[in-house]
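Working notes, beginning with the structure itself.
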Amino acid sequence: MAVVDMHTHFLPKKWPDLAKRFGTPDWPWMRHTGPGKGMIMVGDKDFRPVYEACWNPQVRIEEMDRDSIDVQIMCATPVLFSYARPAQQAAECATIFNDLALEICSHDNNRLKALAQVPLQDIDLSCKEVSRAKANGHVGVQIGNHVGLKNLDDEGVVTFLQHCASEDIPVLVHPWDMLGGDRMPKYMLQWLVAMPAETQLSILSLIMSGAFERISKDLKICFAHGGGSYAFQIGRVDNAWRHRDIVREDCPNLPSSYSDRFYVDSAVFSEGSLQLLTDIMGEDRVMLGSDSPFPLGEQRVGTLVREHSTLSDAAKAKILGHNAKTFFNI
Ligand code: CO
């Protein structure tokens, strides 16, 4: 059985100088700091240290072999989304990185696959780019979990999701641009506290607004990091739905009943959390996702699932590869 890691990130070794191209500051660029090492820069600020696996397909494959991973699905780093920029610039940015992703995959198209990015502030341009990307070989699309103040239940975003459903393009929702940043300047609290909340917010925005009632059941949508806070907090949400009319005004069914409308990855880093996640979502709706090659990812990909003491062998096989093969049509 093929093992698929469906949540990994890439950065090309180099890309055009976007600040120069668009004449506006603070675009991401890569500062190469030493052999095989780099720093993602946003303007003149350090954003994140990265290493060669981000851009060198040979190194990616070596790490996959080390961890017995057959297929890796990679997507851009959310700092590249550019949703707050003029739409045409974000569209050009998406095209650049989508094409560079396929260049990395071309090293071994059977083992390296990519998700596209789209300029989600403009729905027409997004639909156009995602269809172009699919035709070129992308196996799905990654979107940020919000566009400024718009959550996933925004009419435009729902239109985009419907487009993906109608063209059988799987969607990975990745949290980004985290809320409450001013109160979380240190210790990566934005990643540890706000990111899981962002993901729960985007799942609940689709459930509580009734958007899942309007969106085709053909939509394949997956949320990163085990769906953030969702699995642990869904009991609280159900309780609120039962006892407060303002909670259920747009949501006709018990919130937890919508858990069969989406998928999550397995990036939760503890046995108890993965067990709870599998109990809530069902073993058909959890897929191996590592968030590698970033420091907050699983360092030996697949270990949590493979060495889990209570999941059955059948559940592990689904999570390690079977579910992703169906989800991504690979
Ligand atoms: Co990630």
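Remember, it's 1-based here, ligands and their atoms both numbered in the order they're listed.
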- Query: Once the angle between the rings of H7 and H225 is folded into 0 to 90°, is it parallel (under 30°), tilted (30 to 60°) or perpendicular (over 60°)?
  - Reply: tilted
- Task: Apply the side-chain hydrogen bond (donor to acceptor under 3.5 Å, both in side chains) test between R60 and each candidate in E52, Q72, H107; give the one that qualifies.
- Result: Q72
- Any residue meeting side chain to side chain donor-acceptor pair (under 3.5 Å) with Y263, in chain and number order, not counting sequence neighbours: none
- Item | salt bridge (Lys or Arg N to Asp or Glu O under 4.0 Å) partners for R21, two or more places apart | E92
- Query: Are side-chain N/O atoms of Q117 and Y83 paired as donor and acceptor at under 3.5 Å?
  - Reply: no
- With the Co ion (ligand 1) as the centre, enumerate protein N/O/S atoms below 2.8 Å in chain and residue order. H7 NE2, H9 NE2, H174 NE2, D291 OD1
- Query: Quick one: salt bridge (Lys or Arg N to Asp or Glu O under 4.0 Å) pairs with a partner in residues 269-278, sequence neighbours left out?
  - Reply: none
